[in-house]
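In what follows, a structure is listed as structure tokens, so that the remarks can point back to it.
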Protein chains: 2
Amino acid sequence: MEQVNYHHGDLRNSLVSVGINMLNDRGVAGISLREIARNIGVGHNAPYRHFRNKQQLLEAIAEDGFRRLKARNMRLELEFSGDPEGQLFESTMHVVGMAAEQPNLFQLMFGGHIQLEERGAGLKLASDEAMQSLVSIICNGQQKKIFIQDDPLVLALSTMSMIQGIALMASSGKLKAQFQVHMTPSVEHQTLLRSMILQLFDVFLRGLKGQS
Amino acid sequence: MEQVNYHHGDLRNSLVSVGINMLNDRGVAGISLREIARNIGVGHNAPYRHFRNKQQLLEAIAEDGFRRLKARNMRLELEFSGDPEGQLFESTMHVVGMAAEQPNLFQLMFGGHIQLEERGAGLKLASDEAMQSLVSIICNGQQKKIFIQDDPLVLALSTMSMIQGIALMASSGKLKAQFQVHMTPSVEHQTLLRSMILQLFDVFLRGLKGQS
DNA sequence: AAACCATGTGGACACTGTCCACATGGTTCA
DNA sequence: TGAACCATGTGGACAGTGTCCACATGGTTT
């Protein structure tokens, strides 16, 4: 039955989903509530039954991104359990990969469009949890004598800075530009990215491990 | 003479200057061409004699930021001439300070709002020069046997990643939040920031110097 | 069957960026 | 000197936006 009901039934999810697509190929500034509604085939006011604001839709899209990020990170932590260095590298790899493939989403999530403080439940929590998980990875590495014995919070913060820095450069295309990589579809994208990140992250890791 | 001339005389600069103020206290999304014009006391179409687009005004504002950044960096390089580690740290300190004090400007400059590739002269050049200057600092440090002997371009890229990472976290307020610093005006702001960055940057620097 | 209420609708408003034709007045040339 | 020129200003118009309002619809609860 192709019949369009008066009540859509799953509008909230549709709004977020169409919003993500629009974000990906037109950037955060190119998102229009009315166009999303038009795209779904619903009145220009319907979104307001599910979000108080355009801002709230953006936050929902970002929250979706944070949720996926966190889920994947938890899987990686399990997969590389007992190998803090691997956990760190794979997490970095994943964030940077996301930043490279969905730069606009990365921009929305980490570019200051979202005010973490003023959000009730989801966002601030997700952000804090990411930090907490980094701290625990690092404490683990310290117990194993793999990492230096500085304040774990400081180490976690600088690790996160390194990750975000590489991701930021990936999202703005600077990595590709500097390495002069011609990203032909035939070349294995992921492999190239991996070796680039390996090189960049290596310097930092050397310091974190306290060895030459 | 308070008389308002038909021809303003210095409109282009006024537009950029008022634009910077509006950017600083309302964010990049809060900038309105018409309001800037209204603010200056000029018709809503006058800006179009100096910029083809709103986008071009934003780029001019960003370019102004890049120019100031570069000028200050050149001064720092001279001041700490012969001390690559100092050059690196002071440059970082300056970028992060800017990101902390003018987060919206940082967001405009590095947040993907500006397409470097499609700009004729100013922007891409400024960006490349910043990279080039980093490379030369690092080569200098390598000759002095202070830094490890890896590929200078890779080292420069990862250094820039570290800098941008710390700056990104500073601009989104994460540093303040994590350190739970209550930024009372009486406390010396710059000193606190300095010690935070010192701690964060230290890990990376340890790796760059290849020593525990 | 009646009342309720979450979810949909269209109309209206102020605001935006951008295009158009026209006004102004300093500069340049016959 | 006077006339033509042109960079720089003006207001009007248009489509598009986010958001508020009153109203419609129809499944759920009494």
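Letters A, B, ... are given to chains in the order of the sequence lines, protein chains preceding strands, and every chain is numbered from 1.
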[N] [atom2] sits how many Å from [X] [atom1], rounded?
{"X": "A:Leu15", "N": "C:dT7", "atom1": "CG", "atom2": "C1'", "answer": "12 Å"}
{"X": "A:Leu33", "N": "D:dG16", "atom1": "CG", "atom2": "C1'", "answer": "13 Å"}
{"X": "A:Lys54", "N": "D:dC20", "atom1": "NZ", "atom2": "P", "answer": "14 Å"}
{"X": "A:Arg12", "N": "C:dA6", "atom1": "CZ", "atom2": "C1'", "answer": "15 Å"}
{"X": "A:Arg52", "N": "C:dT7", "atom1": "CZ", "atom2": "P", "answer": "15 Å"}
{"X": "A:Ile40", "N": "C:dT7", "atom1": "CD1", "atom2": "P", "answer": "15 Å"}
{"X": "A:Ile36", "N": "C:dG8", "atom1": "CD1", "atom2": "C1'", "answer": "18 Å"}
{"X": "A:Leu57", "N": "D:dT17", "atom1": "CG", "atom2": "P", "answer": "14 Å"}

- Item | Residues in side chain to side chain donor-acceptor pair (under 3.5 Å) contact with B:Arg26, at least two apart in sequence or another chain | B:Glu35

- Task: Could you tell me which residues satisfy side chain to side chain donor-acceptor pair (under 3.5 Å) with A:Asn21, sequence neighbours excluded, listed by chain and number?
- Result: none

- Interface with DNA chain D, restricted to residues 16-25 of chain B and to heavy atoms under 4.0 Å: none

Would you give me the side-chain donor-acceptor pairs under 3.5 Å for residues 131-139 of chain A, sequence neighbours excluded?
from, atom 1, to, atom 2, distance (Å)
A:Ser133, OG, A:Glu77, OE2, 2.7
A:Ser136, OG, A:Ser133, O, 3.0

- Item | Options D:dT19, C:dT18, D:dT10, nucleotide nearest the side-chain atoms of A:Asn53 | D:dT19

- Message: Apply side chain to side chain contact (heavy atoms under 4.5 Å, CB included) to residues B:Leu76 and B:Gln87 and explain how you reach the verdict.
- Response: CA-CA 7 Å; B:Leu76 285 176; B:Gln87 288 174 325; over 6 Å; no

- Message: Which residues pass the salt bridge (Lys or Arg N to Asp or Glu O under 4.0 Å) test with B:Arg194, not counting sequence neighbours?
- Response: B:Glu90

- Note on the structure: When both distances are under 3.5 Å in a Watson-Crick or G-U wobble arrangement, the nucleotide paired with C:dA6 is D:dT25

Is the side chain of [X] donor-acceptor paired with the backbone N or O of [Y] at a distance under 3.5 Å, no angle test?
{"X": "A:Asn104", "Y": "A:Leu23", "value": "yes"}
{"X": "A:Asn140", "Y": "A:Pro84", "value": "no"}
{"X": "A:Asn53", "Y": "A:Gln56", "value": "no"}

- Task: Assess the pair A:Phe110 and A:Phe66: is the distance between their ring centroids shorter than 6.0 Å?
- Result: yes

- Using heavy atoms to find the nearest nucleotide of DNA chain D for B:Leu11 and A:Ile31 separately, return the residue whose nucleotide is more 5′. B:Leu11

- Whether each nucleotide of nucleotides 10-15 of chain C has a protein heavy atom under 4.0 Å at its base (B), only at its sugar-phosphate (S) or at neither (-) is summarised, 5' to 3', as BBB---

